[in-house]
Structure formats: C-alpha cells, structure tokens
Trainee: 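Please find one structure pasted underneath; my questions will follow.
Here the structure is a predicted model, which means the values were calculated and not measured. Residue numbering restarts at 1 for every chain, and letters A, B, ... go by the order of the sequence lines.
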Protein chains: 2
Amino acid sequence: MSDASLWTALADPHRRVIVGLLLERPRPVGEIVDACGLSQPSTSKHLRVLRDAGLVRVRQDAQRRVYALDPAPIAELDAWLAPYRKLWNSSLDALGHRLDETAPGEPPDHTQAPTSKD
Amino acid sequence: MSDASLWTALADPHRRVIVGLLLERPRPVGEIVDACGLSQPSTSKHLRVLRDAGLVRVRQDAQRRVYALDPAPIAELDAWLAPYRKLWNSSLDALGHRLDETAPGEPPDHTQAPTSKD
DNA sequence: CGGTTATATGCCAGTCAAGGAATATATCGC
DNA sequence: GCGATATATTCCTTGACTGGCATATAACCG
C-alpha cells in the first residue's frame, strides 16, 4: 500500500516544495536542485522517496532525468479527506453566519477559515 | 504556521487512525487507547501531537478527556491540494502530453519502467 | 577512447520521533 | 482525608530520516 509512503513522502517540507515545483511543469533534477536549495545528492534522495511513493515519474532525456508529477497519489489524499470535507462545510457554514453578522452588506465569500491558531 | 505540524501529525498511521476514530464521533482517551491498540501513554502523546497541530480539541468530562475533531486544519490540507486537483481532472492523458512537450521528437511512449533500479 | 555533464548511491554523523515503563496530576467516590 | 480511576508527562532507548561528502554510473561530445 503506497498510502503510508504517500503521507511520509509529503511530510517533508522540501519534498512538498519539489512537488509544488513539479506541479507547474516537469523539471530535470538540476532545476529542482537549484530551486529548493539543497545539494544534488539530497535532492536526488528526496526524488527517490517521491518516486517510491508514486508521486513522481521520471523520463530520461539524454543525461537528464526529467521528473513529472503523478497526480494519482494526490488523488488518494483527496479521497482520504473526502469524509472530512463535509465536516468543515458545516463548520464554515456556521462561521459564515458569524461573518455575515459582523459584515452586513458584504457577500459571505469565505473561501478560507481564518483559523489563526497561535 | 501549523502547516508543518499538520503534515507531520498526519504522517503517522496511528494518528490517522485516531483522526478517523474522531471523525465518527468524539471519544474519551480510553476508547482511543482500546481502539488503536497502543499503550495509554503513547496514545496520550499522539493526542498531544494532534492537539498541537490543531487537529483535535479536548473537553473535560469528570476525569475523562473527550477528544473531538477540529476540521479546520484538514481544510488547510484540502486547500493545499486544491491546485493539484485540476491535474487529475485533466486525466493522465494530459500528463503524458506534458511529458511529450519536454521532449519534442520523442514518441509519446510513456511506458515508464517501475521503480526497479538497484 | 577520454573527458565532461547529469544523476544516483554509499557512507557517516546529527537529529528527531516513537514506544514503553514508571510516575505525576486531577477528579471522582466513600 | 484515602483509594481508585483516567489521563498527562518524564526518562530512556531504539530506530528512522536527513544532509553532506565522496564516489559510482550513465550518457553525451570530441
């Protein structure tokens, strides 16, 4: 089950950065190294973890290895939190009522909950 | 930013189990201990991590501590993967096209070898 | 073929998280 | 008050993860 490695892979901030980079477009390792500010070996190791989790795929282009995002595992994530989504739907609904009272005349366009917890 | 602790908190399988249990309904620690099969101290420590990440809230009921899920942080997760959602909406065919863009002249044979490289 | 570029891997040290056992704390019942 | 119940915290040990460095591997160019 790649589920465990999926969460573990995304638990690392650098790897989330890499995933974010690959969201924009596939990139060779050199670009990723330059972008996330890690050494090349460390970056390669992170890419290995991501590849092992199925989050990225590699395509060889001459000496270059172009990494691309594989959306399927992230879809798994989405499926995981699907049951929770209805929870904050109701929570945001309640919050929306509060905001509506605080700001009358403004459309209750609350795309995110300002939960400043700290 | 509780983002980092959020991912770290959910990276642990036991904590995901706990979150799943609390999705059904709020529970006292004893129930969680019994459900996830860990020792009571370990469970308490996991609950601390979850609480620190803002994922759960506690309500004191006599000697019992009833933990309940707080959906807001998971909504953060949802917000994080929102940009990725469109990717799997575009289907894997689009991904193949992206890969093709990077290497013009190469046949779109994205039959990537599995991660057997050792 | 040799040299260069691009990436992966092995090794080593530092850090951090997890689990268990024992203990502290708090609340209840008597 | 005392004992019992329920939970949190501390200490300790073990194991995993991370990063850097050096090196191996592989593909290009001449």
Trainee: Consider the side chain of B:S44, meaning its heavy atoms from C-beta on, and name the nucleotide among C:dT9, D:dG20, D:dA8 that approaches it most closely.
Mentor: D:dA8

Trainee: Check whether any side-chain N or O of A:R27 sits under 3.5 Å from a backbone N or O of A:A68 as a donor-acceptor pair, and report yes or no.
Mentor: no

Trainee: Going by the angle between their ring planes, with limits at 30° and 60°, are A:W7 and B:W7 parallel, tilted or perpendicular?
Mentor: tilted

Trainee: For the pair made of CZ in A:R65 and C1' in C:dT9, what is the distance, rounded to whole Å?
Mentor: 12 Å

Trainee: Let me know the distance between CH2 of B:W7 and P of D:dC17, rounded to the nearest Å.
Mentor: 17 Å

Trainee: Tell me: CG of A:D52 to P of C:dA8, nearest whole Å?
Mentor: 14 Å

Trainee: Round to the nearest Å and state the distance from B:H14 atom NE2 to C:dA18 atom C1'.
Mentor: 10 Å

Trainee: Could you check whether A:R85 pairs with A:D78 (Lys NZ or Arg NE/NH1/NH2 to Asp/Glu carboxylate O, under 4.0 Å)?
Mentor: yes

Trainee: Is the side chain of B:R57 donor-acceptor paired with the backbone N or O of B:D70 at a distance under 3.5 Å, no angle test?
Mentor: no

Trainee: Is it the case that the side chains of A:S42 and A:S39 hold a donor-acceptor pair, with the cut-off being a distance below 3.5 Å and no angle test?
Mentor: yes

Trainee: Contacts to DNA chain D from residues 30-42 of chain B, heavy-atom cutoff under 4.0 Å, which residues?
Mentor: B:G30, B:Q40, B:P41

Trainee: Less than 4.0 angstrom between a side-chain N/O of A:R64 and OP1 or OP2 of D:dA27, yes or no?
Mentor: no

Trainee: Give a yes/no on whether any side-chain N or O of B:H46 is located under 4.0 angstrom from OP1 or OP2 of C:dG19.
Mentor: yes

Trainee: Could you pick out which residue, A:R15 or A:A62, lies toward the 5' side of DNA chain D when each is mapped onto its nearest nucleotide?
Mentor: A:R15

Trainee: Side-chain N or O of B:Y67 versus OP1/OP2 of D:dA8: is the shortest distance under 4.0 Å?
Mentor: yes

Trainee: Counting heavy atoms from C-beta on, name the nucleotide in C:dT7, C:dT9, D:dA27 closest to the side chain of A:V29.
Mentor: C:dT7

Trainee: Taking CD from A:Q63 and P from D:dG30, how many angstroms apart are they, rounded to a whole number?
Mentor: 12 Å

Trainee: Taking B:T43's backbone N and O only, do any of them form a donor-acceptor pair with B:R48's side chain (distance below 3.5 Å, no angle check)?
Mentor: no

Trainee: Checking contacts here: which listed nucleotide (C:dT9, D:dT7, D:dA8) is nearest the side-chain heavy atoms of B:P28?
Mentor: D:dT7

Trainee: For A:H46, does its backbone N or O pair with a side-chain atom of A:R51 as donor and acceptor, under 3.5 Å?
Mentor: no

Trainee: Return the value, rounded to whole Å, for the distance between atom NZ of A:K45 and atom P of C:dC12.
Mentor: 13 Å

Trainee: When the distance from CD of A:Q60 to P of D:dA27 is rounded to whole Å, what number comes out?
Mentor: 6 Å

Trainee: Send over the distance from B:D61 CG to C:dT27 P, rounded to a whole Å.
Mentor: 12 Å

